[in-house]
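Not measured: the values here are computed from a predicted model. For ligands, and for the atoms within them, numbers begin at 1 and follow the listed sequence.
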Amino acid sequence: MYTLGIDIGSTTSKCVILKDGQEIAGTSIVVAGTGTDGPEKALTEVLADAKVSRKDLSVIIATGYGRKIFSAADGEVSELSCHARGVHHIFPNVRTIIDIGGQDAKVIALNEQGRMSNFLMNDKCAAGTGRFLDVMAGILQLKIEDLETQAALAKEAVKISSTCTVFAESEVISQLANGVSTPDLVAGICQSVAVRVGSLAKRIGIREEVCMSGGVARNGGVRVAMEKELGVEIKYSPIAQLLGALGAALYAYDKACSK
Ligand code: ADP
């Protein structure tokens, strides 16, 4: 039996097809989110990746920012529940999830059963989200996937003192003009995200194990900075950006079994 989870984010659409509620048969990531043709493209790509057709899918569950307007789904589940479910499937001992997406950051506390027991969210300010990193990568003329390698080359992370993305943009430009090296700036930018989201995590209370999910988890510079900031090991899966979609595919499997 095949079930599909689609996570329609603010910037990116992600799909996972599960076989019999266990094995990942296909995935897709399309950098175009809600209100675009990203969700349909992600659906087409995941079907090709899993080598199945739409009629082979028992149930489709949508999650993410755009979940309510995706008519191809059989139901929707909140992204908090889906991230909790997806993370628990991969890392059953995780009790704190730090999920940083394109437009928001959430810290989710899990109980022993892997269910959400509490959460805190920042969706009011771009600093501490993927948007901040995307803007900074643009200024430095780097691809988002290159921030990790640049941060690893840093001798000393430069402290970014502006807490606002717009002011931080000017600060980075003036640091560049002062001859500060790109790696030191990138490490400082990653640290700035870790400090902001780390303070959200400290407010909720860190319980180990701790895992990062969402697209920003793919940035090793932020993961390393977060480990330093919180003083704990951060669990990481190469499918971090797909964990919400995986959770949705697991909920789809439950629904298919109860039919
Ligand atoms: P949303 O669900 O809000 O659309 P995602 O969880 O998909 O967001 O994360 C999108 C963010 O992930 C982007 O803003 C970008 O900063 C980051 N990202 C995406 N791909 C990579 C990558 N290969 N390396 C580092 N960061 C990445």
Side-chain angles (χ1 to χ4, degrees), residues 5-16 27-39 41-42 45-46 61-70 76-84 86-87 90 97-108 119 121-152 165 168-169 172 186-187 189-194 196-197 211-226 234 236-248:
I6 179 163
D7 178 0
I8 305 167
S10 57
T11 64
T12 310
S13 304
K14 288 83 58 177
C15 287
V16 168
T27 63
S28 64
I29 297 177
V30 172
V31 186
T34 187
T36 71
D37 61 356
K41 274 191 181 154
E45 286 187 16
V46 76
I61 292 289
T63 188
Y65 194 57
R67 67 184 184 275
K68 290 187 197 294
I69 53 165
F70 186 65
E76 42 116 344
V77 176
S78 83
E79 60 237 69
L80 292 163
S81 299
C82 285
H83 274 271
V87 168
I90 304 277
I97 304 172
I98 298 170
D99 167 28
I100 315 181
Q103 206 168 265
D104 62 18
K106 309 176 192 81
V107 181
I108 309 167
F119 81 96
M121 171 151 102
N122 159 35
D123 61 353
K124 300 279 180 285
C125 168
T129 72
R131 177 84 188 129
F132 180 83
L133 294 159
D134 298 341
V135 166
M136 297 304 162
I139 295 171
L140 297 169
Q141 295 179 306
L142 293 169
K143 293 200 198 101
I144 196 73
E145 55 269 32
D146 295 336
L147 296 185
E148 172 171 351
T149 18
Q150 287 292 321
T165 305
E169 199 173 341
V172 167
V186 172
I189 287 162
C190 292
Q191 195 179 61
S192 148
V193 171
R196 283 191 79 91
V197 185
C211 154
M212 279 185 68
S213 68
V216 172
R218 296 176 70 184
N219 181 335
V222 176
R223 293 201 308 275
V224 167
M226 191 68 80
I234 303 280
Y236 169 68
S237 160
I239 61 158
Q241 196 172 9
L242 291 160
L243 291 172
L246 172 62

I'd like to know whether CZ of Phe70 has more than 12 heavy-atom contacts from other residues, nucleotides or ligands below 6.0 angstrom.
yes
Between OG on residue Ser237 and CZ on residue Arg218, distance to nearest 0.5 Å:
11.0 Å
Is there a donor-acceptor pair closer than 3.5 Å between any side-chain N or O of Lys14 and the backbone N or O of Thr12?
yes
Hey, which residues fall under 4.0 Å of ligand 1 on heavy atoms?
Gly9, Ser10, Thr11, Thr12, Lys14, Gly101, Gly102, Gln103, Gly130, Asp134, Ile144, Glu145, Gly214, Gly215, Val216, Arg218, Asn219, Gln241
More than 12 heavy atoms of other residues, nucleotides or ligands under 6.0 Å from CD of Gln141: is that the case?
no
How long is the gap from CD1 on Ile108 to CD1 on Ile97, to the nearest 0.5 Å?
4.5 Å
Between Thr11 and Arg131, does a side chain to side chain contact (heavy atoms under 4.5 Å, CB included) hold up when you go through it step by step?
CA-CA 9 Å; Thr11 64; Arg131 177 84 188 129; over 6 Å; no
